[in-house]
A.B. asks: 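This structure is in structure tokens; I'll ask about it shortly.
Letters A, B, ... are given to chains in the order of the sequence lines, protein chains preceding strands, and every chain is numbered from 1. Atoms considered below: every heavy atom in the structure, side chains included; atoms not considered: hydrogens, waters and symmetry mates. A quick note: this is a predicted structure, and the numbers were derived from the prediction, not measured.
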Protein chains: 2
Amino acid sequence: MSGSLTIGDFSRATFLSVKTLRHYHRVGLLEPSDVDPITGYRRYTSNQIPTAQVIRRFRDLDMPLEDIGSVLRAPDQTTRGRLIAAHLTRLEQSLADTQRAVASLRDLLEHPWPPAAIEHRRIPATPAAAITATVEVGDLAAWYQGAVGEIRATLSAQSIASGGPPGGIYANELFSEERGEATVFLPAHSEVRPVGRVGPFTAPPVELAFITHIGSHADVDRSYGALATYVTEHTLAIEGPVREYYLVGRHDTGDEQDWRTEIGWPIFDTIHVPI
Amino acid sequence: MSGSLTIGDFSRATFLSVKTLRHYHRVGLLEPSDVDPITGYRRYTSNQIPTAQVIRRFRDLDMPLEDIGSVLRAPDQTTRGRLIAAHLTRLEQSLADTQRAVASLRDLLEHPWPPAAIEHRRIPATPAAAITATVEVGDLAAWYQGAVGEIRATLSAQSIASGGPPGGIYANELFSEERGEATVFLPAHSEVRPVGRVGPFTAPPVELAFITHIGSHADVDRSYGALATYVTEHTLAIEGPVREYYLVGRHDTGDEQDWRTEIGWPIFDTIHVPI
DNA sequence: TCTTGACCCTCCCCTAGTGGGAGAGTCAAC
DNA sequence: GTTGACTCTCCCACTAGGGGAGGGTCAAGA
């Protein structure tokens, strides 16, 4: 009882272009009900129209064809619902990210950046409690929150006082390859007993060019840029992973405007630098 | 006073990959300050770092490289600001669209679609006042609002009573090629004098397969799909542009849930249809 | 001065999801 | 039988790069 349609008819019925339908056939997303083995002519049936509509829906949401295929091939309604919900959640997440980026850019255009001072600082080796892991740059913020919470809890349980604000050490691959090693540490006066992911750590001594970044981390690239300009203008070679100290952060105040982050790029010891 | 950097140094300073920097050079977005004519080695200066940061910012917002180029090449700050603001506005618009699509899809998953009845109807020629234009499918909703408002105002000014709800006639190219001819008309008992874009019009007589769509237009593709399935299952060839009648719309109620839209696909006269 | 390893170059192919077009074969109506 | 609309496959183009081959360049150490 379902009519047979040429690809042109099916195209008009679904508002998907002929080119697109052929592509969906090639990748196995929407198979014609029949293909003439001699002429190669495709035939569709009208009960494929709802399927095509569903595909259009998901494509409008930029779901990859492969993911749409998984949804369509899902064995049961529960699996299907989970797949769709997962995609929607990801989508809403990325929407929120983009909105934050837009807001930050708008703000930047309206309020030009106040110039920040850069100073050199020699950091001695620092005994601390730390968590180290290889993370995706996209998960970094969430990972940091969890890690620093775990360290605080561990120090508190062992009655060890913290010797300063928390810090992070980030391998350069984290930025160049979206994935790399990250360490979050909290200076500690006595050695922590390993519990869970937390273990004792000594932040290595470094000579750093420092900038203090004020406000949300959404704008942190500006400070990084200023720092990079400074370092290269003074022909200081860059060595090793970057380091950040969170003087004032989410733990201290809810207002992102008040956050203070020190960002340090390791440089050669000044005795190597031609004046 | 600005240091000279190899592409690798510049890559580390800006967190843009070497591949990406070469690509930006190729497309003329970010030219190295110097290229060795013998070796082809690129050289960058540290005062190009802020430019690279700006490019990164915009790329995070998925701005096409070409558009970023226009922003960077803008002759003055005002032009630049306008270009950026325009992009941000488009971006926020598309974010809102996507959010609506997500919400609509979520809703669809939670509340399955009630089946709608389809009927045939023979529409006689209808005298009307109308506006016709070639529009982009993306602008259609906004264009419709403006057009129908102008028609209402014109009829009112000429004291002509309207003979029914407003309708639209949409060429198929509008859906298949994102751009096509659209007409919005309001039945009128006497002939309107042309004013502005508004002119007299006779909606041609057609035989239509009709479905009544209830609710927001975000879900209208479902009704279209049902209609397409019906039409092809009954082997009724599709002829000419689709037609919609806005029985209850934005003009009548603010609650999109209560909107009622009749959607009609032209079909061959029933005498041609094998039973 | 030579070697070595890190760095850089171009060129080509790959991605996803189409659009455009060439050249050839097919269908249906007149 | 012809014509015109339709369809087929194949190739190239687009974005914003990534991966890798094959080869040239640079700077430091021996």
A.B. asks: Which heavy atom of A:Ala209 sits nearest a heavy atom of A:Leu227, and at what distance?
C.D. replies: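 Minimum heavy-atom contact is O-CD1, 3.6 Å.
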
A.B. asks: Any side-chain donor paired with an acceptor under 3.5 Å for B:His25 and B:Arg22?
C.D. replies: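 Per modelled atom types, B:His25 and B:Arg22 side chains form no pair under 3.5 Å.
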
A.B. asks: Rounded to whole Å, how long is the line connecting atom CG of B:Leu5 with atom P of C:dC7?
C.D. replies: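 After rounding, the gap between these two atoms is 14 Å.
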
A.B. asks: Between A:Arg22 and A:Pro64, name the one whose nearest nucleotide on DNA chain C is closer to the 5' end.
C.D. replies: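 Taking each residue's closest nucleotide, the earlier one in sequence belongs to A:Pro64.
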
A.B. asks: To the nearest 10 degrees, what angle separates the axes at the start and end of the helix from C:dT1-D:dA30 to C:dC30-D:dG1, five pairs each?
C.D. replies: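 One end axis against the other gives 30°.
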
A.B. asks: Applying side-chain contact (heavy atoms from CB on, under 4.5 Å), can you list everything that pairs with B:Ala171, at least two apart in sequence or on another chain?
C.D. replies: B:Glu173, B:Glu181

A.B. asks: Please pick, from D:dG18, D:dA16, C:dG25, the nucleotide with the shortest atom-to-atom distance to any side-chain atom of A:Tyr41.
C.D. replies: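 Closest of the options to the side chain of A:Tyr41: C:dG25.
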
A.B. asks: Which residue lies toward the 5' end of DNA chain C, A:Val18 or A:Arg43, if each is placed at its nearest nucleotide?
C.D. replies: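 It is A:Val18, whose closest nucleotide lies nearer the 5' terminus.
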
A.B. asks: So, A:Asp67 and A:Ser70: side-chain donor and acceptor under 3.5 Å apart, yes or no?
C.D. replies: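 Looking only at side-chain atoms, A:Ser70 and A:Asp67 do not form any donor-acceptor pair under 3.5 Å.
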
A.B. asks: D:dC6 P sits how many Å from A:Arg12 CZ, rounded?
C.D. replies: 6 Å

A.B. asks: May I ask you to list the residues of residues 26-39 of chain A, by number, that have any heavy atom positioned under 4.0 Å from an atom of DNA chain C?
C.D. replies: A:Arg26, A:Thr39

A.B. asks: Does B:Ser17 put a side-chain nitrogen or oxygen below 4.0 Å from OP1 or OP2 of D:dG18?
C.D. replies: yes

A.B. asks: Check the surroundings of atom CD in B:Glu31: do more than 12 heavy atoms from other residues, nucleotides or ligands lie under 6.0 Å from it?
C.D. replies: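 Atom CD in B:Glu31 is packed in, count exceeds 12.
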
A.B. asks: Output the rounded distance in Å from CG (B:Asp60) to P (D:dA16).
C.D. replies: 13 Å

A.B. asks: How close or far is atom C1' of C:dG17 from atom CG of A:Asp67, stated in whole angstroms?
C.D. replies: 14 Å

A.B. asks: For the pair made of OH in A:Tyr24 and P in C:dA16, what is the distance, rounded to whole Å?
C.D. replies: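 Those two atoms, OH and P, are 14 Å apart.
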
A.B. asks: Students often mix this up, so state it plainly: with edges at 30° and 60°, are the rings of B:Tyr224 and A:Phe15 parallel, tilted or perpendicular?
C.D. replies: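 Geometry flag for A:Phe15 against B:Tyr224: perpendicular rings.
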
A.B. asks: From the list C:dT18, D:dC8, D:dA16, which nucleotide is the closest neighbour of the side chain of B:Arg59?
C.D. replies: D:dA16

A.B. asks: To the side chain of B:His23, which of C:dG19, D:dG17, D:dT7 is closest?
C.D. replies: D:dG17

A.B. asks: A:Ile55 CD1 to C:dT18 P: how many Å, rounded?
C.D. replies: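 About 10 Å, once rounded to whole Å.
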
A.B. asks: Once you apply a heavy-atom cut-off of 4.0 Å, does B:Arg42 come out as touching a base, just sugar-phosphate, or nothing?
C.D. replies: sugar-phosphate

A.B. asks: Would you check if there is a donor-acceptor pair between the side chains of B:Asp76 and B:Thr79 at a distance under 3.5 Å?
C.D. replies: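 Side-chain D/A pair, B:Thr79 to B:Asp76: present.
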
A.B. asks: Can you confirm whether B:Leu88 sits close enough to B:Leu61 that some side-chain heavy atom of one is under 4.5 Å from a side-chain heavy atom of the other?
C.D. replies: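 Side chain of B:Leu88 against side chain of B:Leu61, heavy atoms only: contact under 4.5 Å found.
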
A.B. asks: Atom CZ of A:Arg56 and atom P of C:dG17: how far apart are they, to the nearest Å?
C.D. replies: 16 Å

A.B. asks: Would you kindly give the OH-to-P distance between A:Tyr44 and D:dT7, to the nearest whole Å?
C.D. replies: 10 Å

A.B. asks: Using only modelled atom types and a 3.5 angstrom limit, is any donor from either the side chain of B:Lys19 or the base of D:dG19 paired with an acceptor on the other?
C.D. replies: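 Present.
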
A.B. asks: Taking side chain as C-beta onward, heavy atoms only, is B:Ile49 less than 4.5 Å from B:Phe10?
C.D. replies: yes

A.B. asks: Of the listed nucleotides (C:dT18, D:dG18, D:dT7), which one gets closest to any side-chain atom of A:Thr20?
C.D. replies: C:dT18

A.B. asks: DNA chain D: A:Ile7 or B:Met63, which has the more 5' nearest nucleotide?
C.D. replies: A:Ile7

A.B. asks: Test B:Glu207 against every option in B:Arg122, B:Arg121, B:Arg243 by the salt bridge (charged side-chain N to carboxylate O under 4.0 Å, His left out) rule and name the one that passes.
C.D. replies: B:Arg122

